[in-house]
Amino acid sequence: MRATIIGVGSCVPEKIVTNDDLAKSIETSDEWIRTRTGIKERRVADDGTSTSDLAIVAAEKALKSAKLSPEDLDLIIVGTTSPDYLFPSVACLLQNKLEAKKAAAFDVSAACSGFNYALTVASSFIENGTHKNILVVGADTLTKYLNWKDRGTCILFGDGAGAVVLTASDDGSGILSNWLKAEGRLGDRLIMPGGGSRDPEQKNTRFITMDGKEVFKFAVRVLEESIYESLKAANLSVKDIDLLIPHQANDRIINHVIKKMGLPKEKVYVNLQKYGNTSAASIPLALDEAVSDGKINKGNIVVLAGFGAGLTAGANVIKWR
Ligand code: COA
């Protein structure tokens, strides 16, 4: 038995913030942001919208496209690092809102690799036979944790949610391999220092702080490693890839890696120009758009490869149903 994807969905907030909008309040320019990152605009959740509000819409769309009802779910896993509350989890909020009465629910915290981590957990649960239908969501509203005066970080991130529904299948399709990695020694390179149990009163900053150059170096190294290692685990190679969906952080990171691997641009899905880095939502949001755009067909080999705070990385190789 393998876990196969039978439904996808996504949701972004309506409000668009362009590079030119940012240039009105910080010393930057559309040209600088586009050439260094590829990002043109991002979506920003308003004050009344939290991560679960985006996640629920993505989840409902994924369930609809899977033609399943919430009652069919036996597990909900959400990858997020911007939950509505420290507890209950976003997954439990979804379980309640969806009325998925039979589903257990928990969050996975692996920042921008959160969707890869959550998908890996879900596929293991299905392969070992304990669960049949699992909703996996990647959702974040990191713009709420940005210092809008810090031009090294505020230009990069946006908000969103993406979801897939997995089911147990023996038709040969599904998740062929998973690969995960953590380098906790580099944790302080991308960190939200305030607000956790070390600093519950947020004496330190509640904003994302980042060493952009160090994270860039890590990303380039592990994105390549994750693609190779996940393919190796599936007995496949780079030439077998029909579509790579990398974490949508920066097109320079993506272009550097695919050039080195000899993967043509046509085989790589990129939508970061519209959304920026939406953290755990980035891969399922791109996956949903790639499916809608007709870029993924039955039997295709799709690789999802992410990296993020932790520092973490992960990749999943899928044979599309
Ligand atoms: N607009 C204009 N200038 C900016 C700027 C901005 N938004 N941000 C930084 N600069 C300036 C710097 O102050 C610096 O000026 P100086 O040379 O006078 O000191 C110059 O541009 C170069 O800055 P640097 O930090 O070296 O730029 P960079 O090429 O490393 O690009 C990032 C910065 C953040 C775009 C890049 O490091 C990056 O993308 N890193 C990875 C981040 C990431 O993906 N994080 C999430 C991972 S999940």
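We're numbering straight along the sequence, starting at 1. Given the structure is predicted, the values throughout are model-derived calculations rather than measurements. For the numbers below, each heavy atom of this structure counts, side chains included, while hydrogens, waters and symmetry mates do not. In listed order, ligands and their atoms are each counted from 1.
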Would you say atom 14 (C) of ligand 1 touches the protein, meaning some protein heavy atom is under 4.0 Å from it?
no
Check ligand 1 against I155 and write out every atom of the ligand that is under 4.0 Å from a heavy-atom position of the residue.
7 (N)
Can a salt bridge be assigned to the pair D21 and R42 using a cut-off of 4.0 Å between side-chain N and carboxylate O?
no
Please check if a non-hydrogen protein atom sits closer than 4.0 Å to atom 19 (O) of ligand 1.
no
In plain terms, say whether R34 and E31 are close enough for a salt bridge, that is, a side-chain N and a carboxylate O under 4.0 Å apart.
no
Counting from 1, what ligand 1 atoms have a heavy atom of F216 closer than 4.0 Å?
38 (C), 39 (O), 40 (N), 41 (C)
What heavy-atom pair brings C112 and G308 nearest, and what distance separates the two atoms?
CB-CA, 3.8 Å
Would you call the rings of F125 and H131 parallel, tilted or perpendicular if under 30° counts as parallel and over 60° as perpendicular?
tilted
Of all the atoms in ligand 1, which lie at a distance below 4.0 Å from a heavy atom belonging to G308?
48 (S)
If you have a sec, work out which protein heavy atom is nearest atom 12 (C) of ligand 1 and how many Å separate them, to one decimal?
R151 NH2, 3.8 Å
For N178 and S123, which I'm curious about, is there any donor-acceptor pair between the side chains at under 3.5 Å?
yes
Does ligand 1 have an atom that lies less than 4.0 angstrom from a heavy atom of G152?
yes
Atom 29 (O) of ligand 1 sits nearest the protein heavy atom R36 NH1, 2.7 Å
Of all the atoms in ligand 1, which lie at a distance below 4.0 Å from a heavy atom belonging to E27?
1 (N), 2 (C)
Can we say E71 and K101 salt-bridge, meaning some charged N sits less than 4.0 Å from an Asp/Glu carboxylate O?
yes
Distance to 0.1 Å, residue and atom name: give those for the protein heavy atom nearest to atom 48 (S) of ligand 1.
C112 SG, 3.4 Å
What atoms of ligand 1 come within less than 4.0 Å of a heavy atom belonging to T37?
35 (C)
Atom 5 (C) of ligand 1 [closest protein heavy-atom partner, distance rounded to 0.1 Å]
W32 CH2, 3.3 Å
Strictly less than 4.0 Å: does any protein heavy-atom distance to atom 32 (C) of ligand 1 fall in that range?
no
Is there at least one pair of N or O atoms, one from T28 and one from ligand 1, spaced under 3.5 Å apart?
yes
Please report the interatomic distance NZ(K97) to CD(E60), rounded to the nearest 0.5 Å.
9.5 Å
Test Y275 against every option in E41, R43, E289 by the side-chain hydrogen bond (donor to acceptor under 3.5 Å, both in side chains) rule and name the one that passes.
E289
pair V136-L166: side-chain heavy atoms closer than 4.5 Å:
yes
To the nearest 0.1 Å, how far is atom 39 (O) of ligand 1 from its closest protein heavy atom, and which atom is that?
N250 ND2, 2.8 Å
Between K232 and E225, does any side-chain N to carboxylate O distance fall below 4.0 Å?
no
Just which atoms of ligand 1 are under 4.0 Å from any heavy atom in N277?
46 (C), 48 (S)
What protein heavy atom sits nearest atom 44 (O) of ligand 1, and how far off is it?
A249 CB, 3.6 Å
Looking only at protein heavy atoms, identify the closest one to atom 45 (N) of ligand 1 and say how far it is in Å.
M210 SD, 3.3 Å
Protein heavy atom under 4.0 angstrom of atom 26 (O) of ligand 1, is there one?
yes
Please state which protein non-hydrogen atom is closest to atom 47 (C) of ligand 1 and give its distance, to 0.1 Å?
V215 CG1, 3.6 Å
Atom of E127, atom of M1 and distance for their closest heavy-atom approach:
CG-O, 3.3 Å
Within the 4.0 Å heavy-atom shell around G212, which atoms of ligand 1 are there?
37 (O), 40 (N), 41 (C)
Sub-4.0 Å atoms of ligand 1 with respect to non-hydrogen atoms of R252
29 (O), 31 (O)
Are I227 and F218 grouped together when hydrophobic residues (ILVMFWY) are joined by side-chain heavy atoms under 4.5 angstrom apart?
yes
Short N-O contact, K40 and D30, less than 4.0 angstrom:
no
Considering distance alone, does some N or O of K213 sit under 3.5 Å from an N or O of ligand 1?
yes
Nearest-0.5 Å distance that lies between atom CZ in R36 and atom CG in L156
12.0 Å
